Amino acid sequence: MKNEQEYIEIYGAREHNLCDINLKIPREQLVVITGISGSGKSSLAFDTIYAEGQRRYMETFSAYARSFIGNMERPDVDKIEGLSPVISIEQKTTSRNIRSTVGTTTEIYDFLRLLYARTAIAYSYVTNEPMIKMSESQILRQIIEKFNEQKLIILAPIVKGRKGHYRELFQQIRKQGFVKARIDGEIRDLLPKMQLDRYVTHDIEIVIDRIIAREEDLHRIAQSIQTAFKHGKGTLVIHAPDSNEDKFYSKHLMCPTSGIAYDDPAPNMFSFNSPYGACSNCKGLGTIEEITEQAIIPSQERTIFKGAIAPLGDYRNIWIFKQIEAILKKFKVSTSTKVKDIPREAMDIILKGSNQTFKDDSKNGTGVYFEFEGIIPYLKKQLLSESDNIRNWVKEYTQSITCPECEGARIKKESRYFLLDGKSIDQLASLDISLLGEWFEGLESRLNESQNQIAAELLKELRKRIQFLMDVGLNYLTLNRPLRSLSGGESQRIRLATQIGTQLVGVLYIMDEPSIGLHQRDNARLISALKDLKALGNSVLIVEHDKDMMLESDYLIDIGPGAGKHGGKIVEQGTPKEILAGNSTTAQYLNNSRTIAIPKERRKGHGTFLELKGAVGNNLKNVNLKLPLGKMICITGVSGSGKSSLIHETLVPILKKNFYDSRKEPMPYDSIEGMKELDKVIEIDQSPIGRTPRSNPATYTGVFSDIRTLYALLPEAKIRGYKVGRFSFNVKGGRCETCKGGGMRVIEMNFLPDVHVPCETCKGRRYNRETLEVRYKGKSINDVLEMTVEEAVKFFESHPKIIRKINMLNEVGLGYITLGQQATTLSGGEAQRVKLATELSKKDTGKTIYILDEPTTGLHFQDIENLLDILHKLTDKGNTVVIIEHNLDVVKVADHIIDIGPEGGSAGGTIIAEGTPEKVIKSKKSITGKFLKTELNA
């Protein structure tokens, strides 16, 4: 059914820098909004159209529900007509929850849990035999047949392999009328005040009945079995004294040989987020924070007196050192003995604790007896402290290691022994999506009839969802991959795949650069997925800079012409064909009348190399990386081929450990050579510059300290006695105390995300009235924070120290953001460019290696050209610039390319081509080379 209204009509949009624009966007079409950074694309798509759609949705709530939520601010627009329900898929909404994975977000893992709970076959983790499940009548029949005319003892197991004295338990059993129990294999009378050794593990079974297995006693045996099941929680043991044989039976799943029993399978048994399914050691995280001996004792050459035990420091006259002295005295050594010369047993007691009693004679000669808890157990206890400072202090001595109990599978042992076609659920969760899809192909032929009947609908849903992930180019991910380890583009495409799976109709989807981090080859699949979304009867509105996406769209809107106050106008709108005929900046790049120039000559470099050998982390297959120093190097390859594993997870931690003693461990590798040619490493990724509204570009770049110093030197500030701290919004004195200098107050919503509202005292100005009375050129300190970078460049032109940092922000294309813009509102690309500007404003040495991760995120063709100019300047000074990038405009101007592939996931992890762009395009294996060939017109 065609909607009566064919357009979304917007009248008088003035949000942020939009210049009172009127616009008609065709419905049920793929519409792309483009324009240079800061021109107003997000202001139109998210702050106007999405905000109005969300406000209208909130208005459907009852007045009572709205009283909790508060009224949403209406966007600055006269009216919007023809608006459908809106769903926004942004980059910033990634979950930081450590428990969210690709599988849980896409619901594939939820369907898998249901599939395993209903169709998987249980095996014993002791004998690997299939588990059996019998009813009481079946058990009764088997006892009569197997033990006919034999004397038997029916036992109910109540304690299995646990320590304790169990005095209260024996009293309780006696009260219930039982007189005997089998304790550690020996049948004993239950006596008053009976107890066991509390430090030894015990097995206790109640003697329910002594019988002879014969037909005429069926009724009695059946009653005894019932009683045994009641006390043994569904399990019992039949002991035949003549043959000294034990036979286990259970109402649940049970191993016929060893007698271990599993609970009946339920979906939560396979969930690592449920106490019923999660590994008890790591609580379902797959890793544990291990306090390592190496971190506690960094050097075996030092003495305890001189601070060998790092958390304790140098010797002081305190109780813990007195205890250590008493322990060492017993082993005839002292705190002045080097750690390497102290007996291993003594060090184990100091580190791990002991139940032995030691005597300290130092207290007035009387002697104090004590048991030593151990440094490691003490630190573990402090990890549970409520104080952030204490927890952070302990974390200095911890290392994240794979849980030894579940080996990273996250779920308990029993759950891992439920198999479907020979595979457990955790094995499926660690397969690449493409391999998982292959495993599901033809699965029906490998299942039995009853399994097929139960699984039919589930398999249909699973295949559909796996296909959606492959359609958006995520076939290299695994279901157990944590969501917080994904890039903005990947998490956005996962949400897109989930939305396609919901099959909604008549919705307006608004997306923010879904092509980020996607190789040219996968772009076609993404565009096809978006067209499928449109074909269902939805409108798709995308903020995008990708050339292919623009040309494949149904309608294109170009906002500009400049950034900030120079933008906010509709430059061109129409079909891609109509735009190509125009003369806007975007049109010139699209029709190739303007291009980013290919350098006439590639740099020769220093002739020295940084060589990393034998990298095998994640999917890397013994990679040898050779980086020529003094060049601009691009690391390319399809998504998931191993670029981040090689650079961010292996190379960067090695360099940081060497230059800054960083604690982060690199992924496994053999050796590295050539580090002496460098003196520092600067990694510029897309992680936020801060997680609170207090962080902003001015504080991050350090320019705000210089601005505060300038204000403190003003005559008015000197007369009032104001120091630099007066102009900080983070300390008492000059800030507004109602919002503690935040300018915004956080309203906790409990069941919805927290809402930030302007402070009612300072009206969002952060400072108190007295501080704001100090002015420079008529502007208060808050007015400076409200300035755009572009305005600040003119305002501070006579202050070289300040201008250097602000000018760099302007040069990287951030002239439109304000100095005080909250870090939480910056996109991944903007945060990266703030970091880039901060590093570029520092003095470089010509021996620095810069590592950038997709710096073109969120950049228009024009901005990419400006960014490349800066990177060329850096490289020309002798520095090495390494860029992980898919954008061919950057790849084609690189001096050296290293292409990793050939595919993503397990089919990647090898270097398939390296050299100049001209050399890489000749490689038959390189997918990047094929696309680069057209770009170089070769």
Side-chain angles (χ1 to χ4, degrees), residues 98-101 103-104 109 116 122-128 160-163 199 201 255 258 260 262-263 268-298 310-311 344-345 347-355 373-384 391 394-419 423-431 478-482 484-485 616-619 645 649-650 653 663-669:
I98 196 166
R99 292 186 173 275
S100 292
T101 64
T104 57
Y109 194 73
Y116 267 76
Y123 290 83
S124 163
Y125 58 73
V126 177
T127 62
N128 275 331
K160 197 167 171 67
R162 291 209 316 268
K163 291 178 184 177
Y199 297 114
T201 54
C255 170
S258 65
I260 58 162
Y262 297 169
D263 289 334
N268 62 5
M269 189 177 172
F270 301 97
S271 168
F272 45 79
N273 292 329
S274 158
Y276 298 104
C279 163
S280 55
N281 190 38
C282 63
K283 306 291 183 284
L285 296 175
T287 56
I288 52 170
E289 292 294 320
E290 184 75 15
I291 296 167
T292 60
E293 185 177 331
Q294 195 184 352
I296 292 173
I297 303 176
R344 184 67 243 175
E345 192 185 339
M347 284 314 298
D348 281 345
I349 293 170
I350 291 168
L351 292 170
K352 296 169 187 170
S354 166
N355 295 325
E373 181 183 18
I375 306 281
I376 292 175
Y378 171 75
L379 290 175
K380 279 183 179 170
K381 213 187 286 176
Q382 298 307 309
L383 271 176
L384 306 173
R391 284 202 308 275
V394 178
K395 277 181 182 167
E396 287 180 26
Y397 308 105
T398 64
Q399 235 178 352
S400 199
I401 62 163
T402 301
C403 169
E405 207 158 293
C406 67
E407 295 170 350
R410 295 175 152 218
I411 52 177
K412 60 186 185 184
K413 191 188 252 181
E414 294 91 316
S415 308
R416 302 204 305 276
Y417 279 81
F418 280 80
L419 306 183
K423 285 207 181 293
S424 61
I425 193 165
D426 61 291
Q427 287 173 326
L428 291 190
S430 58
L431 288 178
T478 58
L479 293 183
N480 58 11
R481 173 93 176 256
R484 63 197 219 153
S485 72
V616 290
N618 286 346
N619 66 336
S645 299
E649 303 292 329
T650 310
R663 281 190 179 274
K664 187 180 173 186
E665 285 296 322
M667 285 187 164
Y669 71 100

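Residue numbers start at 1 and run along the sequence shown. A quick note: this is a predicted structure, and the numbers were derived from the prediction, not measured.
- Judged by distance alone, the side chain of Tyr109 and the main-chain N or O of Phe270 form a donor-acceptor pair under 3.5 Å.
- Atom SG of Cys403 is separated from atom CD of Glu290 by 10.0 Å, given to the nearest 0.5 angstrom.
- Taking every heavy atom of both residues into account, Arg410 and Ile98 meet most closely at NH2-O, 3.7 Å.
- Taking CD1 of Ile376 as the reference point, atom OG1 of Thr292 lies at 8.0 Å (rounded to 0.5 Å).
- Other residues, nucleotides and ligands place more than 12 heavy atoms under 6.0 Å from the CD atom of Glu396.
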Test log, rule side chain to side chain contact (heavy atoms under 4.5 Å, CB included), inputs Thr127 and Cys255: CA-CA 8 Å; Thr127 62; Cys255 170; 3.4 Å; yes
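- In this structure, a donor-acceptor pair under 3.5 Å is present between the side chains of Thr478 and Asn480.
- Note that CG of Asn281 is 5.0 Å distant from SG of Cys279, once rounded to the nearest 0.5 Å.
- Atom OG of Ser415 and atom CD1 of Ile425 lie 8.5 Å apart (nearest 0.5 Å).
- Each of Leu379, Ile375, Leu351 was checked for a side-chain contact (heavy atoms from CB on, under 4.5 Å) with Ile291, and the lone residue meeting it is Leu379.
- Under the 3.5 Å distance criterion, the side-chain polar atoms of Thr402 are left unmatched by any main-chain donor or acceptor of Glu407.
- The pair Arg344-Glu293 meets the salt-bridge criterion, with a side-chain N (NZ, NE, NH1 or NH2) lying under 4.0 Å from an Asp/Glu carboxylate O.
- Taking all atoms of both residues into account, the shortest heavy-atom contact from Arg416 to Ser424 is O-CB, 3.3 Å.
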